[in-house]
Amino acid sequence: MNNKVSLLRRFPVVAVVVFAVTATTSVAQFFVTGMLTSLQRDADRISAGQWWRPVTSMFVQDGGVAGTVFNLATLLLIGAIAEQLVSRPRWLVGYFGGGLVGESAGALGWQPVGGGNSVAVNGLAGVVIVCLLTRRGAPDQLTQTAALLVSLYAVVEVLSTFHNALAVPIGCAVCVAGFNVLRARNTTLAIRIATVLAPLCAVFLLARTDIHGAALTGGLVIGAISLAVARRR
């Protein structure tokens, strides 16, 4: 019996809209002088009353061209997959709620100045992890892809903290190979291990006072709360 289904059961309208807006502002910052400085997270200016910066900082990028491409690509990939698994309101709460948790941690001293939508993607990844861990039924292509994506994303965040050019590609190759080996033996086990790996990465990032760890943890909490609320209805 074939349990594979199309990855896109519905058009990811929320992911596409958020991607389009974020891509527009992120590209514009390279042409508009001072735009990044005006919109990015800045603890001193937030304390002085510019309360909007934790929000606007999710629409600009401080990682240059390479960081911008990575952040936008992961937003579209993880965002589109997430929209197949959770409701659109949960998507939005996870993305922006988790992002605000990460931005707040940064403003409180973990990373006082900066910008990027990666914290928001981490928040959304946390919601997806909760969904996968509590999902019932036989694993299909969608859940397998989602598990591999969120675990790879969390691993990349961890490996990036070591600032080694080879760490990310080698680590990703090991994760993909390990996932495929496990999947060949027991697909459900492969998904469980992949999804548990992501919260472990969150713990590591929190220990290093990395704002992505705060965002991922925030997403996990938001995912658990939103799931509990949905089940009570």
Under 3.5 Å side-chain donor-acceptor pair for Asn122 and Glu157: yes

Exercise: do Gln144 and Arg183 side chains pair donor with acceptor under 3.5 Å: yes

Treating Ile, Leu, Val, Met, Phe, Trp and Tyr as nodes and any side-chain heavy-atom pair under 4.5 angstrom as an edge, say whether [X] and [Y] lie in one connected cluster.
{"X": "Leu76", "Y": "Leu92", "value": "yes"}
{"X": "Val17", "Y": "Phe96", "value": "yes"}
{"X": "Val174", "Y": "Leu182", "value": "no"}
{"X": "Val18", "Y": "Leu149", "value": "yes"}
{"X": "Leu216", "Y": "Leu200", "value": "yes"}

Could you pull out the closest heavy-atom pair between [X] and [Y], with the gap in Å?
{"X": "Val127", "Y": "Gly94", "result": "CG2-CA, 3.5 Å"}
{"X": "Ala167", "Y": "Leu159", "result": "O-CD1, 3.1 Å"}
{"X": "Ser160", "Y": "Val168", "result": "OG-CG2, 4.0 Å"}
{"X": "Gln84", "Y": "Leu7", "result": "CG-O, 3.2 Å"}
{"X": "Ile191", "Y": "Ala147", "result": "CG2-CB, 3.9 Å"}
{"X": "Leu85", "Y": "Arg135", "result": "CD2-NH1, 3.6 Å"}

Apply side-chain contact (heavy atoms from CB on, under 4.5 Å) to Val16 and Phe11, showing your working. CA-CA 9 Å; Val16 169; Phe11 184 76; 3.8 Å; yes

Would you compute the distance between atom [atom1] of [X] and atom [atom2] of [Y] and round it to the nearest 0.5 angstrom?
{"X": "Ser26", "Y": "Leu39", "atom1": "OG", "atom2": "CG", "answer": "10.0 Å"}
{"X": "Trp110", "Y": "Ile211", "atom1": "CH2", "atom2": "CD1", "answer": "9.5 Å"}
{"X": "Leu124", "Y": "Arg90", "atom1": "CG", "atom2": "CZ", "answer": "10.5 Å"}
{"X": "Ser118", "Y": "Gln61", "atom1": "OG", "atom2": "CD", "answer": "7.5 Å"}
{"X": "Arg192", "Y": "Leu197", "atom1": "CZ", "atom2": "CG", "answer": "15.0 Å"}
{"X": "Glu83", "Y": "Ile81", "atom1": "CD", "atom2": "CD1", "answer": "10.5 Å"}

Using side-chain heavy atoms (C-beta onward) and a distance below 4.5 Å, is [X] in contact with [Y]?
{"X": "Val128", "Y": "Val86", "answer": "no"}
{"X": "Val65", "Y": "Phe30", "answer": "yes"}
{"X": "Ile46", "Y": "Trp52", "answer": "no"}
{"X": "Arg41", "Y": "Gln111", "answer": "yes"}
{"X": "Ile129", "Y": "Pro199", "answer": "yes"}
{"X": "Val155", "Y": "Cys201", "answer": "yes"}

Does [X] reach the main-chain N or O of [Y] with its side chain, forming a donor-acceptor pair under 3.5 Å?
{"X": "Ser57", "Y": "Pro54", "result": "yes"}
{"X": "Asn117", "Y": "Asn71", "result": "yes"}
{"X": "Thr74", "Y": "Phe70", "result": "yes"}
{"X": "Arg53", "Y": "Arg45", "result": "no"}
{"X": "Trp91", "Y": "Gly79", "result": "yes"}

By the definition side-chain contact (heavy atoms from CB on, under 4.5 Å), identify the one residue from Leu100, Leu75, Val119, Ile222 that meets it with Tyr95. Leu75

More than 12 heavy atoms of other residues, nucleotides or ligands under 6.0 Å from CZ of Arg185: yes or no? no

Show the numbers, then the answer: is there a side-chain contact (heavy atoms from CB on, under 4.5 Å) between Thr161 and Phe204? CA-CA 10 Å; Thr161 65; Phe204 175 88; 3.8 Å; yes

Show your working on side-chain contact (heavy atoms from CB on, under 4.5 Å) between His212 and Val121 and close with a plain yes or no. CA-CA 9 Å; His212 299 97; Val121 176; over 6 Å; no

Is Arg9 salt-bridged to Asp140, going by a charged N under 4.0 Å from an acidic O? yes

Between Phe162 and Arg208, is there a cation-pi geometry (under 6.0 Å to ring centre, at most 45° from the normal)? yes

side-chain contact (heavy atoms from CB on, under 4.5 Å) between Val93 and Ser226, intermediate numbers included: CA-CA 9 Å; Val93 173; Ser226 62; over 6 Å; no

Walk me through whether Asp62 and Gln40 qualify under side-chain hydrogen bond (donor to acceptor under 3.5 Å, both in side chains). CA-CA 8 Å; Asp62 65 1; Gln40 70 181 351; over 6 Å; no

